[in-house]
2 protein chains.
Amino acid sequence: MNRQELVSNIKNKKSFLCVGLDTDLKKIPQHLLSAEDPIFEFNKAIIDATAPFTVAYKPNVAFYECSGVAGWVSLEKTVSYIKEKYSDIFIIADAKRGDIGNTSKMYARCFFEELDVDALTVAPYMGEDSVTPFLEYPGKWVIVLGLTSNKGSHDFQLIEDANGTPLFESVMRKALSWGGSDSIMFVVGATQGRMFETVRRIVPDAFLLVPGVGAQGGSLEEVAKYGMTAECGLLVNSSRGIIYASQGEDFAEVAGQKAAELQREMEALLRDKKII
Amino acid sequence: MNRQELVSNIKNKKSFLCVGLDTDLKKIPQHLLSAEDPIFEFNKAIIDATAPFTVAYKPNVAFYECSGVAGWVSLEKTVSYIKEKYSDIFIIADAKRGDIGNTSKMYARCFFEELDVDALTVAPYMGEDSVTPFLEYPGKWVIVLGLTSNKGSHDFQLIEDANGTPLFESVMRKALSWGGSDSIMFVVGATQGRMFETVRRIVPDAFLLVPGVGAQGGSLEEVAKYGMTAECGLLVNSSRGIIYASQGEDFAEVAGQKAAELQREMEALLRDKKII
């Protein structure tokens, strides 16, 4: 999916919501456990309930890998289901991969050919040749870790060089130079608040994938205030706050309500900025 | 496997060789492609031929993931095969994972419970809470990226802070403080040559996983000269240089010969240092 299509989906749906499919066998409703593939059954119900309010899904690959082969089957089925039924929804594999060029090529094959998602999250520590193999797929996106939502983001990402430039800034500037904002996005945690002002000085028009609203405590309003561009430029993710909002038989219905609530807040923010 | 067992395996086998199982359907001998699981058939033959000379195997997870579900089946079978037949050999899943705590926990479950390998490579960009979930498994190891073997290692890992400390040094010092050298190792590329002197000032007794000998051009002698400790402290990996040394029907035999050659060089280096 190219940038123009993504922006037009955001305008049509009046939403920049990404629903994180962090599906954990230990947290899904008990009555699903007797299904042949409980993870897929859960995802299908969540997807059907939230799709009207959502422009992106983000399966977190760890939650599938932890069940080994069975988990990969669930992941493949989930991605196929979204692609067949909701072909306008952007799919992000949240996998935080990155390795020497030769190996990153294999990961690119895995996620952009085999699984065939739209975007993959990538860790930048190993530098240019660990990221560029993912950029060889037209229409696919690399989402590079910039300033993450967790406490540990302070350990290294904020280390300043001799000129006072923090590491995340060097990462974002350099990574953007490898591909540009039509194929590269950045992860910036909602918990970073006013840091979005700084981020927008570094990458004025790149899309940002923003986790950390909901369970991690970030504020949607603050993110929009400091991070939104004329084309929106944001995909704000909520995982646990939506998919585990109810653990009863009404889990999908309640997930749909939570997604609708966020969509309404987002619609108001998009109107404020005159994007719709 | 604990540190003492690893050191004693190195002494017994007179080797600190790790064989990288970067098994690629496009590179394995043609005659294997008719097997039910060509990747596993290839690995089994390579493992049987190289096990006498090897203290560790390192399947590179990218090469399995790129075949989706079938790839995970091959990976699980490979790990089981090593564990059953060569239980004294250390198994490293080279996966370079790392995410917020909640997600790293799932990766830890995947690799230390489901797949049940001895060690996992982890990317440090997201800091402490992305690494510590892997440290909750006694007898398991986290191998944190320090100074990698690729060209892109220069992009961020060498950025110096206001005190002149390069990023990789901050990463290694801090990461070691999270667990200590009985549960944390570091990746340092063989291509980094004399930088091993600096690395040993930072982490005098941690084990180093050293890729980059062979196809990537690093020197085993130089690594041993500057990086070896009184307990060896090195696992030197070769992947392509061993497993693809021949692409004919004699691939396993030739791989065995290449592994034996490296083992002999390593034996001499261990004798020089009076470790054996």
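We use all heavy atoms of the structure for the numbers below, so side chains are in, but hydrogens, waters and symmetry mates are not.
Contacts of Ser153(B) with chain A are made by backbone atoms alone, with heavy-atom separations under 4.5 Å and no side-chain atom involved. For a residue to count as touching a neighbouring chain, one of its non-hydrogen atoms must lie under 4.5 Å from one of that chain's; by this rule Glu65(B) touches chain A with backbone and side chain alike. When heavy atoms are compared at a cutoff of 4.5 Å, Lys96(B) approaches chain A by way of both its backbone and its side chain. Residue contact with chain B, scored on non-hydrogen atoms closer than 4.5 Å, involves the backbone of Ser67(A) exclusively. Residue contact with chain B, scored on non-hydrogen atoms closer than 4.5 Å, involves the backbone and the side chain of Glu128(A) alike. Neither the backbone nor the side chain of Pro211(B) comes within contact range of chain A, judged by heavy atoms closer than 4.5 Å. Heavy atoms closer than 4.5 Å to chain A are found nowhere in Val131(B), neither backbone nor side chain. When heavy atoms are compared at a cutoff of 4.5 Å, Phe168(B) approaches chain A by way of both its backbone and its side chain. Proximity to chain B is limited to the side chain of Glu76(A), based on heavy atoms less than 4.5 angstrom apart.
Judged by distance alone, with hydrogens and angles left aside, the side-chain atoms of Gln157(B) form no donor-acceptor pair with the main-chain N or O of Leu167(B) at under 3.5 Å. Judged by distance alone, with hydrogens and angles left aside, the side-chain atoms of Thr103(A) form no donor-acceptor pair with the main-chain N or O of Asp99(A) at under 3.5 Å. Looking only at distances, a side-chain donor or acceptor of Ser104(A) sits under 3.5 Å from a matching main-chain atom of Ser130(A). In this structure, the side chain of Asp129(A) engages the main chain of Gly152(B) through a donor-acceptor pair within 3.5 Å.
The residue among Phe111(A), Phe156(A), Tyr125(A) with the most heavy atom pairs within less than 4.5 Å of chain B is Tyr125(A). By number of non-hydrogen pairs under 4.5 angstrom with chain A, the leading residue of Val171(B), Asn60(B), Asp94(B) is Val171(B). Ranked by heavy-atom pairs under 4.5 Å with chain B, the list Met106(A), Glu114(A), Lys174(A) is led by Met106(A). In terms of heavy-atom pairs under 4.5 Å with chain B, the best-connected choice from Thr132(A), Asp22(A), Asp24(A), Ile159(A) is Asp24(A). Chosen from Ile100(A), Leu115(A), Asn163(A), the residue pairing most often with chain B at heavy-atom distances under 4.5 Å is Ile100(A). Highest contact tally toward chain A, considering only Thr121(B), Leu75(B), Asn150(B), is held by Asn150(B) [criterion: heavy-atom pairs under 4.5 Å].
Side chains of Tyr64(A) and Asn43(A): a donor-acceptor N/O pair is present below 3.5 angstrom, by distance only.
Taking all atoms of both residues into account, the shortest heavy-atom contact from Tyr244(B) to Thr23(B) is OH-CA, 3.4 Å. Closest approach of Leu33(B) and Pro38(B) over heavy atoms only: O-CG, 3.9 Å.
Using a 4.0 Å cut-off between charged side-chain N and carboxylate O, Asp116(B) and Lys140(B) make a salt bridge.
When Leu209(B), Ile143(B), Val19(B), Ile91(B) are each tested for a side chain to side chain contact (heavy atoms under 4.5 Å, CB included) with Lys58(B), only one passes: Leu209(B).
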**Report entry** Check against side-chain contact (heavy atoms from CB on, under 4.5 Å), Phe186(B) and Val203(B)
**Finding:** CA-CA 9 Å; Phe186(B) 293 95; Val203(B) 291; 3.7 Å; yes
